[in-house]
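Only one structure is covered here, and it is reproduced in the block below.
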Amino acid sequence: MVENTESQLIFLGTGGARVMMSRQLLGTGGMWLILNGTEISVTEISVDPGPGALVHSLRHKLKPADLDGIIISHRHLDHCGDINAMIEAMTQGGYRKKGTVFAPADALDNDPVVLYYLRKYVQNLTALQAGQEYKVGNVTFRTFGPLKHGPSTTFGFNFFLNHFILSYLPDTAYFEELPSYIEGDIIIINTVLYKPRKVLHLSVPDVKRLLIKLKPQKAIITHFGMEIWRAGPETIAEKLSRETGIEVIAARDGMRIFLNA
Ligand SMILES: [Zn+2]
């Protein structure tokens, strides 16, 4: 069988923040990336595996034992609640030592989110630093940040793929230098808030401002809080597309997007 080496994103949940996570009106399993770094084979990564990541990945017929790594942007529960379950599933209960777990140092040291007894199941445990390059499978990515998201260290990621750059912008408030960090032709943006509020998350007007500055080929919004869910993520994406001239897609739970199509 010829392996399909097209890059893909699968959303194991498009919900974010505390209330949504507790109510599970939208799932919170984060994303599963199938990335083409070299054209020869793909690299599979679980990104921000919040509660439900393992259950939803199996429901969508993904194979945790095929994962090459797990990346978390920061230590909040909606981004890492299932990290231990994913480590165990990636390593087949610890019987097959494999993969790399990447997380900011404060997710590994103090009040760690990765259980100590599972750490020997993985090949590498890497404490992320700002502006550094890392390799997972055959994909290189670079961190950007730290972002403005409270005391937890939070990083975003630029993934360097075969024909384009994919950026993931997780939770943060908007700040002046933010657009300069993001290199992607395609950008995934965590859009928690409908209207701007004094909390450290992006709102719809912040996303609009970013898109006008960056002019990516395509943007995908996800990680919706209650207000966005009520207003309708698709309606918001359509409005953002109309106002910016950029293709904006609202992710849906279970949605699979082929990236180089
Ligand atoms: Zn957060």
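One-based numbering, in listed order, for ligands and for the atoms of each.
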Exercise. Are Phe155 and Leu147 grouped together when hydrophobic residues (ILVMFWY) are joined by side-chain heavy atoms under 4.5 angstrom apart?
Worked result: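 Phe155 does not cluster with Leu147.
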For this session: Name whichever N, O or S atom of Asp171 ends up nearest to the Zn ion (ligand 1).
Result: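 It is OD2, the N, O or S atom of Asp171 closest to the Zn ion (ligand 1).
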Exercise. Do you know which N/O/S atom name in His76 is closest to the Zn ion (ligand 1)?
Worked result: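 So the atom name we want here is ND1.
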Problem set entry | Aromatic Tyr174 / basic Arg209 pairing, under 6.0 angstrom, 45° off normal |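 The answer is yes, since Arg209 meets both limits relative to Tyr174.
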For this session: Start with the C-alpha gap between His223 and His79, add the side-chain angles, then the distance that decides, and say whether ring pair (Phe, Tyr, Trp, His ring centres under 6.0 Å) holds.
Result: CA-CA 10 Å; His223 208 66; His79 295 255; 4.5 Å; yes
Problem set entry | Min side-chain heavy-atom separation Leu58-Pro64 under 4.5 Å |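 Leu58 reaches Pro64 side chain to side chain.
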Problem set entry | Angle subtended at the Zn ion (ligand 1) by NE2 of His149 and NE2 of His74, nearest 10° |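 It is 100°, given to the nearest 10°.
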